[in-house]
Amino acid sequence: INGVMNNLVSRMDKESSPQVEGRSVDDIEKGPLVEVKEEPEKPKEKEPVSVWVVAAAVSFYFVTSLSTVFFNKIIMANYFFPYPLFISWFQFVVALFCIGILYAVGTVYPTVHVMSKVTAKDFNYQSFSKILPLTALYICMISFSNLTLQWSQVSFYQIARSLTIIFSMVFSYVIFGKTTSWDEIKPCLVVVVGFVLGVKGEINFEPLSIIFGLTASAFLAYYSIKVKTVIEKDFNNDQWAVLLFNTIEAIVLLLPFVFVFEVTQMNDTDILLQYDFWVVMVLGGIVGFLINIAMFWQIKTTSPLTANLSGTAKSCVQTALGVLIWRNEISIMNGVGIFLVIAGSLWYSLVRYFMTMANNRK
């Protein structure tokens with residue numbers, strides 16, 4: 001007890017001792033005040049992404065991108081269902097359900113940050129009007145891509161869609177006044193030569209495949225430019241909100257075209273009564289949605305060079321599988337054209353990557 005009382009008394013003495021400029025008498029007796037400056041904490045460096053994470057992201061994009069093309073080709077070729085507008089519309093519906101499921105998961109388990117939260121207040125006229133032009137481009141891009149796939153072989157699909165780079169350069173100059181260097185033009189010339197040889201050497205050539213392919217490439221190039229502006233300026237870098245509003249508007253806007261151009265012909269087919277057909281349709285829609293996640297994940301975890309390399313490798317595998325699975329015939333000239341298109345695209349990606357790195361150093 002005496003020990004406890006002595007401790008209490010000593011504490012009371014220290015608390016009641018006079019303070020001089022924030023110091024007690026005992027502290028003053030110890031010597032002058034030495035101010036110790038704490039060094040500011042150094043910002044933590046961003047931890048490098050694991051090799052396994054990068055490999056998983058690239059593989060996920062690889063698989064989903066290939067699966068999207070093959071599921072759509074299976075539906076149109078194997079099931080003899082040549083209605084690309086309805087296929088696109090149905091995939092949008094499936095994608096909307098997938099978005100709803102992810103939002104529900106985020107609501108039930110708030111610690112799991114699956115997607116950004118969009119409140120009821122965000123569903124207003126302003127949000128939908130801002131994204132309307134982008135949705136129109138999105139619908140045209142998807143629909144003409146499926147039309148290209150309908151009228152071309154899988155091995156020729158890469159040729160038909162190869163001029164996206166050229167359209168990107170043209171739109172960048174027209175919209176932003178951005179000029180193109182000679183280093184960028186050289187690989188594009190290789191792509192153009194490959195396109196010409198691929199078209200001329202195609203054995204089962206369909207003129208509509210080129211028309212639809214060029215149109216899809218133009219819409220893809222313009223969409224790639226427009227989507228970046230909309231995400232940054234109108235939606236505060238929220239890709240998921242753009243995906244949600246884009247999908248809702250696409251379902252509404254595409255439906256009248258489905259009724260006008262395809263519903264009457266669809267009534268004459270019995271394929272709609274087959275269970276396995278709808279399984280493939282749903283799987284195609286799920287994969288079409290997953291490719292958005294794959295793209296976001298790959299961009300976040302890898303460098304632009306890695307992303308471009310994976311896209312080039314995917315094109316090679318896609319062509320090879322088209323030959324193996326659907327027995328697509330390829331002439332020597334067609335094969336040279338495919339090689340030049342892929343090589344030119346890879347060359348252009350490398351040039352753009354090193355130019356970006358040089359600008360960042362400056």
Side-chain angles (χ1 to χ4, degrees), residues 44-72 91-92 94-118 131 134 138 141-142 145 161 164 168 220-221 223-232 234-248 250 282-318 321 345-346 349-350 352-353 356-357 360:
K44 295 182 179 179
E45 296 182 359
K46 187 178 179 180
E47 296 182 0
V49 181
S50 170
V51 176
W52 296 107
V53 174
V54 173
V58 172
S59 301
F60 186 46
Y61 170 77
F62 206 89
V63 172
T64 53
S65 183
L66 281 174
S67 300
T68 302
V69 175
F70 288 142
F71 269 118
N72 288 342
Q91 289 176 348
F92 290 146
V94 174
L96 185 60
F97 273 99
C98 293
I99 294 173
I101 291 173
L102 290 183
Y103 270 96
V105 171
T107 302
V108 177
Y109 302 100
T111 56
V112 180
H113 300 287
V114 181
M115 298 180 67
S116 59
K117 298 298 181 182
V118 178
I131 208 170
L134 185 68
Y138 186 59
M141 179 186 71
I142 299 296
S145 294
R161 297 284 310 279
T164 303
S168 297
L220 173 59
Y223 177 82
S224 301
I225 296 173
K226 185 72 175 177
V227 69
K228 183 178 180 181
T229 304
V230 172
I231 289 175
E232 291 177 353
D234 298 330
F235 287 88
N236 195 25
N237 289 317
D238 190 349
Q239 299 99 327
W240 294 112
V242 172
L243 178 61
L244 173 62
F245 290 118
N246 224 0
T247 304
I248 294 174
V282 172
L283 290 176
I286 294 174
V287 172
F289 168 74
L290 289 178
I291 196 173
N292 293 283
I293 299 177
M295 291 171 62
F296 293 156
W297 190 19
Q298 182 174 246
I299 291 172
K300 184 178 180 180
T301 57
T302 67
S303 66
L305 178 59
T306 304
N308 288 322
L309 288 175
S310 68
T312 304
K314 187 266 297 183
S315 300
C316 297
V317 174
Q318 177 178 296
L321 291 177
S345 301
L346 176 59
S349 301
L350 291 171
R352 289 294 304 161
Y353 173 74
T356 302
M357 294 296 292
N360 291 338

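Just the heavy atoms: all of them, side chains too, but no hydrogens, waters or symmetry mates, feed the values below.
Annotation: side chain of W297 is not in contact with side chain of Y61 (no heavy-atom distance under 4.5 Å). Residues L66 and F62 are in side-chain contact: their nearest non-hydrogen atoms beyond the backbone lie under 4.5 Å apart. A heavy-atom distance below 4.5 Å is not found between the side chains of T68 and Q91. Here the side chains of N246 and L134 are in contact, with some heavy-atom distance below 4.5 Å. At least one side-chain heavy atom of F60 sits under 4.5 Å from a side-chain heavy atom of L290. Here the side chains of I99 and F289 are in contact, with some heavy-atom distance below 4.5 Å.
The structure places SG of C98 at 10.0 Å from CG of N292, a figure rounded to the nearest 0.5 Å. Distance check: S345 OG to L350 CG gives 11.0 Å after rounding to the nearest 0.5 Å. Atom-to-atom distance recorded for Y103:OH and W240:CH2 is 9.0 Å, nearest 0.5 angstrom. To the nearest 0.5 angstrom, R352 atom CZ is 13.5 Å from M357 atom CE.
When all heavy atoms of A95 and T247 are compared, the closest pair comes out as CB-CG2, 4.3 Å. Heavy-atom minimum distance, V287 versus S67: CG1-CB, 3.5 Å. Nearest heavy atom pair, residue S65 against residue I291, reads CA-CD1, 3.7 Å. Pairing each heavy atom of A294 with each of T64, the nearest pair is CB-OG1, 3.5 Å. Taking each heavy atom of M141 and Y223 in turn, the nearest pair found is SD-CD2, 3.9 Å.
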Q.
Pair L244, L96 - check side-chain contact (heavy atoms from CB on, under 4.5 Å), show working.
A. CA-CA 7 Å; L244 173 62; L96 185 60; 4.0 Å; yes

